[in-house]
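Working notes for the structure below.
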Amino acid sequence: MVVYTGTGEPVLEAKDIFAGYLPGINILNGCNIHAYPGELIGIIGPNGAGKSTLLKAIFGLVPVRGGKVTLKGQDITNSKANKLVQAGVGFVPQNNNVFPTLTIEENLQMGLFLRPKLLDERLEAMYDLFPVLADRRNQRAGGLSGGERQSVAMARALMMDPSVLLLDEPSAGLSPVRQDETFLRTRRINATGVSVVMVEQNARRCLQICDRGYVLDQGKDSHTGTGHELAEDPKVIELYLGTLADEV
Amino acid sequence: MIKTLRGRATLTIVGVTALAVALAGCANNSTSGSTPGAKPSTSTVAALPKAATCTSSDDATTTFKLGTFLPLTGSLAFLGPGAVSGAGLALSEINKDGGVLGKPTCTIDTDSSDTDNPTIGNSSIAKLLQAKVSAILGAESSSVTENVLSKVTASPGTVMISPANTDDKLTGISKWYFRTAPNNTVEANALGSQIISDGHTKVGILVFNDPYGTNLRDATQKIVEKNGGTVTYGATGKGQEFPSTQTTFSSDVSAVLATKPDAIVIDAFDQTQAIITALASAGWTMKNTYFVDGNLSAYPKLAPGTLTGAQGTTQGVNPNSAFKARLDAWYVKNEGKKLTTYSYAAESYDAVMLLALSADAGKSATSAAIQPKMLPASGSTNGTVCKTYAACLPLANAGTDFHYTGPSSIGPFNAGHDPSTGYIGIYKYNSTNNFDFVSAVKG
Amino acid sequence: MDFLNSLFTDFGAQILTSGTAAFAIAAIGVNIHFGYTGLLNFGQAGFMLIGAYGFAITIESGGGFWLGVLMSLLAAVLFALVLGIPTVKLRGDYLAIVTIAAAEIIRIVGGNALLEPLTGGVAGILGSQFQPAFQALSFLPKTGTFTLGPYTYPYTEGDSWWLRIVGWSLVLIFCLIVWLLMRSPWGRVLRGIREDEDAVRSLGKNVFAYKMQSLILGGVLGAVGGDIFVLSSSVQPDSLGRTTTFLIYTCLLLGGAASIFGPVLGALLYFVLRIGITDFAGQFIPSSIMNSQQIPQFAWIVVGVGLMLLVIFRPQGILGNKKELAFND
Amino acid sequence: MHFSRLSRSRSGSKKWVLPTLVALLLAFLATFIPVGATASAAVPTCSPDATTACVRGTLLDDDSNAVAKVSVTLTPPTGPEETEVTGSTGQWVFSVHEKGQYKVSVDTSTLPKGLKLAVASKTLTVALSSLAPAAFDITGSQTSDGHVVQQSATSLYLLRVWQQFASGLRLGLLIALASIGLSLVYGTTGLSNFAHAEQVTLGGMLGFTFAGVLGLNLIVASVITVILCALTGYLQDKFIWGPLRKRGLGLNQLMIVTIGLSIALEYTYQYFYGGQPVAMTGIIQQNTGPLYMTPISYLSMAIAVVVLVAVGLFLLKTRIGRATRAVSDNRALAAASGIDVDRIIRLVWIISTGLAGLAGVLYSLVQGGMQWSTGLQLLLLMFAAVTLGGLGTAFGALVGSMIIGVVVEMSNLVLSADLKYATALVILILVLLVRPQGILGRRERIG
């Protein structure tokens with residue numbers, strides 16, 4: 001059962017990925033996902049399923065031991081992160097997603113490290129998108145609130161104007177109001193034509209906004225479908241959403 | 001991937017080591033060529049080969065096996081060459097003159113290292129005791145000796161003789177322990193008298209916190225005070241000793257100069273060069289500086305004239321230039337380098353001679369036979385005076401009382417196994433930062 | 001052949017010394033810290049030294065052997081508390097720096113010239129001041145030697161059979177204790193802390209208390225190692241300094257951290273290898289290339305490079321399990 | 001400028017060659033002269049031997065200037081008195097051949113004007129073959145018309161305090177230069193590099209090789225040394241640390257690898273350079289200004305300040321510098337931002353070892369030499385400085401270094417001199433108790 005919500009060739013594809021941090025111990029065991037241009041992909045799954053690891057593996061932060069990652073048909077398996085940024089992939093990690101001793105503007109500058117000449121132009125664009133950052137541009141990011149940090153982190157990742165944005169649990173640790181803001185902003189960014197692959201703990205909310213979702217279990221993609229399909233799939237509810245509801 | 005990585009890492013470590021070796025190598029070669037400190041030419045003296053290394057087939061009662069236990073690595077490594085050459089030369093000359101008990105002597109050379117690395121000394125002592133050596137020469141540091149002494153003196157007991165220990169605590173500590181370094185009250189007496197007679201009554205002492213330094217300081221302070229002088233800095237109980245690992249001396253120099261001393265005694269080891277720099281740059285008149293046996297050596301790397309007029313004391317009468325030439329020749333031939341210091345060479349030489357002659361007199365190369373003959377051989381029975389192994393050997397073989405006196409010119413061992421007397425030479429630095437003999441006093 | 005024969009005899013002689021046993025005990029202590037709990041204690045020599053001071057000074061001032069042992073252990077416990085309470089909560093390298101600094105402070109203050117009446121200053125406390133109290137407990141003859149194969153040692157004095165028996169028995173006892181402890185729930189919590197502190201905390205365990213217990217236990221072993229060490233030498237502050245701590249870590253890593261016999265095997269092998277390197281270099285490198293002073297220096301270079309290669313290519317050591325070491329980062 | 005003055009005097013030192021040779025020759029010949037007959041004839045001499053003892057003293061005024069032409073009389077237990085007049089060195093000496101009590105008295109009427117003598121005669125117990133010294137404490141000075149300007153004890157103490165404070169600043173700056181690299185490497189890689197001290201030693205050793213052995217001009221030698229030291233950083237990272245990082249070797253393991261490296265390097269230095277200190281130049285400069293500070297000290301401090309400011313500006317103001325701080329803050333995020341973390345780290349290694357080499361060169365010049373173990377002795381101070389200031393923050397390293405330097409150099413004003421290093425370490429522990437993240441550190445780094 002393959003669902004197409006995008007058109008043409010996938011912009012990002014991960015095939016049969018095996019990866020892990022420690023020698024000999026794999027967290028991902030043959031995981032497959034793909035994203036078409038302009039898609040908003042949500043990845044959900046229980047704790048330890050390998051969601052974040054998958055993003056990191058795609059982004060070259062965790063060594064991929066088997067399988068292949070392609071971006072617009074090009075093999076990017078185990079590419080260094082800076083090469084991927086150059087190729088148009090942006091990544092916002094879950095925790096520690098700002099440089100705390102750097103000012104907001106310096107944080108954004110780091111986001112555009114590879115194209116320093118475009119700095120002024122892109123800064124302006126980001127301050128438009130996140131007006132709250134403009135006033136505090138010389139403030140250290142370490143002193144910001146969680147929501148503001150999330151804004152800095154997104155803005156930093158968008159500095160390079162990526163074609164694919166990888167988001168690792170953007171709503172984690174935020175108040176419900178800020179969570180909503182984040183999801184809306186994600187949708188808005190997606191609407192500008194950026195493909196987004198988002199890992200979320202807040203599964204229901206995620207499936208509501210995404211075009212298509214994957215459920216990861218024990219390092220493998222166990223289910224996929226549109227957000228709606230998954231949210232209503234009894235197996236997914238039983239296996240994952242249900243338990244989540246219990247926990248919460 | 002892993003394999004190539006391993007290969008690379010190994011290669012790198014080896015490569016970096018090799019690079020360092022190569023870089024340092026050129027430094028080494030060019031320094032060893034020119035040492036103004038070593039005066040006598042070596043060409044005139046025939047160099048003797050080094051005594052063989054003992055093997056397990058050497059019998060403990062008939063072959064004189066010397067175990068050396070000298071600082072080859074660590075913070076006292078700079079004192080190693082002097083003692084190595086003294087002991088090695090003694091063994092070679094003994095072998096040339098017929099050996100001990102008619103057989104050539106052999107040696108087991110081990111590293112005593114320093115107090116920071118006690119396991120090295122422990123391993124070395126374990127090795128020497130396992131080989132049942134006739135006697136052990138060492139260590140140079142009193143602390144290192146104290147660390148291993150209980151192992152050496154435990155049954156069955158092995159003779160240990162140090163060429164350099166000066167700690168008071170070691171006097172009479174065991175029947176197996178001897179030393180050829182005169183008690184430092186002898187040196188302190190000469191040093192203190194010299195300072196007072198040079199007209200200085202306010203003496204600052206830069207002393208390092210080590211038994212060597214503090215013992216000599218205590219004794220010197222006594223002499224200075226007895227003669228109406230005062231110790232303005234570094235006196236006993238003032239807590240002004242600097243740690244032996246210190247490398248910067250500006251605060252100590254500031255402190256000593258603030259006490260307005262007439263004279264300064266540098267009672268230290270290899271820290272001395274940095275102290276000289278700190279003192280001289282602070283405008284101290286270097287001729288009012290006094291060195292001790294631990295640092296009275298040539299400083300060829302300092303600019304000429306730096307030390308002119310400074311004085312110092314060390315054991316022994318006027319160092320015999322022929323003896324130095326023999327040491328030089330031996331060291332160049334057997335160790336491949338020029339000697340830059342003669343510290344404790346004479347004491348090591350005499351220690352080995354006394355051991356060998358005691359073995360001859362005791363008719364056995366075991367420690368048990370050597371131990372009772374050490375005091376008579378050193379002259380405690382007022383025997384016939386003889387100055388070389390060749391001269392003493394017939395007396396020892398014949399069972400006649402003899403009294404060996406060698407280049408260190410120490411007197412007979414007393415009941416505490418310390419040299420009862422010693423000559424202290426007084427030296428003055430010339431414009432080449434080398435020192436000339438002035439006079440000798442007996443203490 | 002003669003050379004090899006005497007080399008192997010030397011190996012045996014070295015393995016049997018009480019000093020090797022002392023290092024093995026101290027390394028077992030560090031194994032509890034580093035191997036099982038993940039605590040980076042870089043002041044084990046400080047534990048040895050403070051233990052040895054407690055031991056020797058008590059005996060010297062007439063307290064007797066058993067009180068000396070008690071004071072030694074108390075000193076180590078106290079040292080662990082002072083060091084641990086402010087730092088075990090922090091990241092690993094803070095503990096490393098604080099412990100190495102504290103150990104240096106003990107060493108420097110112990111050598112302070114003004115404290116000479118108490119600690120003997122830099123020269124330290126001579127063995128003859130406190131060793132007789134231990135030797136008096138010996139059930140072997142008080143003098144004379146006993147020969148076993150090629151090895152002749154005194155019954156009771158110095159580095160005696162008596163001391164060796166006690167030292168190596170303690171090594172075995174401590175191995176047994178560590179084995180039992182690490183199988184117990186307590187040991188499992190320690191390993192849990194090593195692997196994921198937060199996870200253990202979330203189970204409601206008091207991580208701080210467990211870490212402190214580990215620090216104290218390993219430190220006490222350090223003190224016992226220090227006591228055994230000085231029973232055949234003397235209490236000198238410089239002997240139990242940074243170099244000794246590094247040496248203990250080398251032994252531990254060589255044998256294998258987080259394994260029961262790793263520290264013991266490491267201590268044995270380290271001393272044997274160093275003698276082997278020195279003796280081989282002395283035997284086969286002509287003096288025209290290296291003189292008698294350069295050979296032991298060269299041996300040290302080999303030891304340093306060897307330590308690097310060991311950790312690079314076999315970080316788990318000889319007996320260790322690679323998975324046990326996966327707790328970093 | 002100071003360097004050129006130094007180098008000029010180096011080349012000018014050729015003037016010394018001939019006198020040196022002559023002196024060497026004389027010294028050599030002097031060793032053949034038997035005991036007791038030394039060549040200096042101008043001063044009356046006496047050498048103790050079995051039948052001789054020397055009664056000797058030297059008359060010096062408060063400025064340690066010789067007091068000449070003073071009559072000194074020796075009264076032996078038996079026999080006639082002897083009188084001698086002090087020469088230009090102020091020395092007087094009597095050879096005596098019997099042990100016993102001798103009285104020595106100074107004829108105060110022959111003392112130059114303005115000089116006073118509290119005790120004019122002394123009785124000495126003389127033993128044969130020894131030196132019996134007699135000290136006469138003369139007050140007053142010949143050069144200032146008997147009026148001695150004595151500095152008060154308080155002003156002397158104050159001067160000493162300032163002096164030691166200045167030395168502390170100097171030491172602090174040198175430690176800062178050395179430890180900023182340690183801090184940068186720690187910040188960007190998390191590695192506590194125990195071999196960093198040996199990089200400092202390497203600077204002194206290579207400096208000696210080029211200046212002391214090969215005789216290059218000091219500036220040239222220093223520049224070559226710093227470049228070579230920086231090169232070692234490049235090579236180390238390229239062939240050792242980089243690959244090990246990639247392999248994911250744990251930080252604790254890596255730290256122990258650096259301990260191995262430090263052992264290997266220490267003994268490599270000992271192997272090739274021996275146990276004694278080696279200096280880049282034998283020339284000892286005189287202090288300038290009111291404090292005991294040589295021109296080279298001022299220059300070193302200036303260089304240190306300039307370099308530290310430059311490093312600071314680099315970190316704060318340049319793109320690469322900000323990227324370095326970004327890597328320190330968060331390596332993964334830096335990579336995710338497109339920063340080539342490995343290149344930044346390599347650059348950090350180059351800067352770190354280069355600065356350490358420079359610190360070694362300056363240290364060697366200021367302290368008069370570098371020994372195989374010098375770096376080792378500084379290592380703990382460097383770690384203390386870095387931790388005190390805040391692990392991984394370059395500015396913290398500077399602040400921490402200054403504190404450590406001043407504490408080390410000033411602690412002997414109140415404490416035992418052998419507790420210098422211990423004091424610095426106690427302060428470290430105390431600060432960590434109150435503020436575990438260090439003075440400039442951030443709390444989130446420590447948990």
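A note on names: the letters A, B, ... follow the listed sequences, proteins ahead of strands, and every chain is numbered from 1. Because only heavy atoms are used, hydrogens play no part in the values below, and waters and symmetry mates are left out as well, while side chains stay in.
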Less than 3.5 Å apart, any donor N or O on the side chain of B:Thr245 or D:Tyr421 sitting next to an acceptor on the other? no
(request) Scan side-chain atoms only and decide if D:Glu409 and B:Thr248 contain a donor-acceptor pair under the 3.5 Å cut-off. (result) yes
Quick check on [X] against chain B: is it the side chain, the backbone, both or neither that has a heavy atom closer than 4.5 Å?
| X | answer |
| --- | --- |
| D:Ala279 | both |
| D:Glu266 | neither |
| D:Ser373 | neither |
| D:Tyr363 | side chain |

Which bit of [X] is near chain D, if near means a heavy-atom gap under 4.5 Å: side chain, backbone, both or neither?
| X | result |
| --- | --- |
| B:Ile276 | both |
| B:Thr201 | side chain |
| B:Thr306 | side chain |
| B:Leu279 | neither |
| B:Ala278 | neither |
| B:Phe249 | backbone |
| B:Asp270 | both |
| B:Gln246 | both |

Highest number of heavy-atom pairs under 4.5 Å with chain D: which of [options]?
| options | result |
| --- | --- |
| B:Gly229, B:Gly234, B:Ala280 | B:Ala280 |
| B:Ser250, B:Ala274, B:Ala263, B:Ala77 | B:Ser250 |
| B:Asp262, B:Ile195, B:Ile196, B:Leu76 | B:Ile196 |
| B:Pro71, B:Pro81, B:Ser193, B:Ser197 | B:Ser197 |

Mind checking the [atom1]-[atom2] spacing from [X] to [Y]? Nearest 0.5 Å is all I need.
| X | Y | atom1 | atom2 | result |
| --- | --- | --- | --- | --- |
| D:Gln367 | B:Thr247 | CD | OG1 | 6.5 Å |
| B:Leu79 | D:Gln276 | CG | CD | 8.0 Å |
| B:Ser75 | D:Gln270 | OG | CD | 8.5 Å |
| B:Ser254 | D:Asn412 | OG | CG | 8.0 Å |

Show the nearest heavy-atom pair for residues [X] and [Y], with the distance to one decimal.
| X | Y | result |
| --- | --- | --- |
| B:Gln273 | D:Gly368 | NE2-O, 3.5 Å |
| B:Pro243 | D:Lys420 | CD-NZ, 4.4 Å |
| D:Gln164 | B:Ser251 | OE1-O, 3.4 Å |
| B:Thr277 | D:Val366 | CG2-O, 4.3 Å |
| B:Ser281 | D:Ile284 | N-CG2, 3.6 Å |
| D:Ala417 | B:Asp252 | CB-OD1, 4.2 Å |

With sequence neighbours left out, the residues meeting side chain to side chain contact (heavy atoms under 4.5 Å, CB included) with B:Gln240 are B:Tyr233, B:Lys238
Hits for side chain to side chain contact (heavy atoms under 4.5 Å, CB included) against B:Val441, two or more places apart or cross-chain, chain-then-number order -> B:Ala190, B:Ile424, D:Pro48, D:Leu131
Cationic N near anionic O, under 4.0 Å, B:Lys202 to D:Asp137: no
Chain B shares the most heavy-atom pairs under 4.5 Å, among D:Leu60, D:Leu413, D:Val67, with D:Leu60
Most heavy-atom pairs under 4.5 Å with chain B, out of D:Ser130, D:Pro277, D:Ser167, belong to D:Pro277
D:Asp418 side chain near B:Phe242 side chain, heavy-atom distance below 4.5 Å
no
Q.
Using side-chain heavy atoms (C-beta onward) and a distance below 4.5 Å, is B:Asp198 in contact with D:Arg56?
A. yes
Could you tell me whether the side chain of B:Gln194 and the main chain of D:Pro133 form a donor-acceptor pair under 3.5 Å?
-> no
